[in-house]
Amino acid sequence: METKNRTIGKLLTTANADIYTVPENHEAAIDSIHICNESGSSATISLDYYDAQTTTFFTITEALSIAANSVLLLENKLWLFKGDKIRGLASANSAMTVIFRVDESYLPQRN
């Protein structure tokens, strides 16, 4: 099993957008989620986890208010499998940055 450590970042808009999707033949562990409100006003962020096996979205956070120029760090590990993804949106364009620390494991036998 080959493992790759990655950092994934995305500047969120007011439209739901995929931030990270687990590639084919991989599983992934998201070790931390770093959320930064770069604006001078408070803003909200919503994040969802999509389980590809059940085709279901689960809420990680819904309209969570982050103070102006603040940072929030979530450190509970999430385990994801191929096709699973994280998506998100913010209440204001170009206000929120999300950064994930991801460990991807390549499993050629996993379909």
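This is a predicted model, so every value here is computed, not measured.
- Checked against the 6.0 Å centroid threshold, Tyr20 and Phe100 do not count as a close aromatic pair.
- Of all heavy-atom pairs between Val22 and Ala28, the closest is CG2-CB, 4.0 Å.
- Side-chain contact between His34 and Val71 is present, with heavy atoms from C-beta onward closer than 4.5 Å.
- Two residues are said to be in side-chain contact when any heavy atoms from C-beta on lie closer than 4.5 Å; Ile33 and Leu73 fail this criterion.
- No side-chain heavy atom of Leu64 sits less than 4.5 Å from a side-chain heavy atom of Thr44.
- Rounding to the nearest 0.5 angstrom, the gap separating the CD atom in Glu62 from the CG atom in Leu89 is 7.5 Å.
- Atoms SG and CG, from Cys36 and Asn69 in turn, are 7.5 Å apart once rounded to the nearest 0.5 Å.
- Between Phe81 atom CZ and Asp51 atom CG the span is 9.5 Å, to the nearest 0.5 Å.
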Decide salt bridge (charged side-chain N to carboxylate O under 4.0 Å, His left out) for Glu104 and Arg6; before the verdict, give the C-alpha distance in whole Å, the side-chain angles of both, and the deciding distance to 0.1 Å. CA-CA 8 Å; Glu104 287 181 341; Arg6 298 181 63 196; 3.0 Å; yes
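- With values rounded to the nearest 0.5 angstrom, Leu12 atom CG is found 9.5 Å from Ser94 atom OG.
- Remark: Asn5 CG is packed, more than 12 non-hydrogen atoms of other residues, nucleotides or ligands lying under 6.0 Å away.
- A side-chain donor-acceptor contact under 3.5 Å links Asn37 to the backbone of Ala67.
- Tested against Tyr50 for a side-chain contact (heavy atoms from CB on, under 4.5 Å), the candidates Thr55, Ile86, Thr56 yield a single pass: Thr55.
- In this structure, Ile99 CD1 and Ile35 CD1 are separated by 10.5 Å, a value rounded to the nearest 0.5 Å.
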Run the numbers on Asp31 and Asp103 for side-chain contact (heavy atoms from CB on, under 4.5 Å), then give the verdict. CA-CA 8 Å; Asp31 292 326; Asp103 293 329; 2.9 Å; yes
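- In this structure, the side chains of Ile66 and Leu72 come closer than 4.5 Å at one or more pairs of heavy atoms.
- Glu24 places a side-chain heavy atom less than 4.5 Å from the side chain of Lys82.
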Going through the checks in order, is the side-chain contact (heavy atoms from CB on, under 4.5 Å) test met by Asp84 and Tyr49? CA-CA 7 Å; Asp84 291 354; Tyr49 153 66; 3.4 Å; yes
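- Although no hydrogens or angles enter the test, the distance criterion places a donor-acceptor pair under 3.5 Å between the side chain of Ser46 and the main chain of Ala63.
- No donor-acceptor distance shorter than 3.5 angstrom exists from the side chain of Thr59 to the backbone of Thr61, with no hydrogens or angles considered.
- Taken from CD in Glu27 to CG in Leu80, the straight-line distance is 10.0 Å, to the nearest 0.5 Å.
- A cation-pi contact, defined as under 6.0 Å to the ring centre and within 45° of the axis, links Arg87 to Phe57.
- Trp79 is not connected to Ile8 by any chain of hydrophobic side-chain contacts under 4.5 Å among Ile, Leu, Val, Met, Phe, Trp and Tyr, and they are in different clusters.
- The side-chain contact (heavy atoms from CB on, under 4.5 Å) with Ile60 is formed by just one residue from the set Asn76, Leu47, Asp48; it is Leu47.
- Considering all non-hydrogen atoms of both residues, Ala43 and Ala95 come closest at CB-CB, 4.3 Å.
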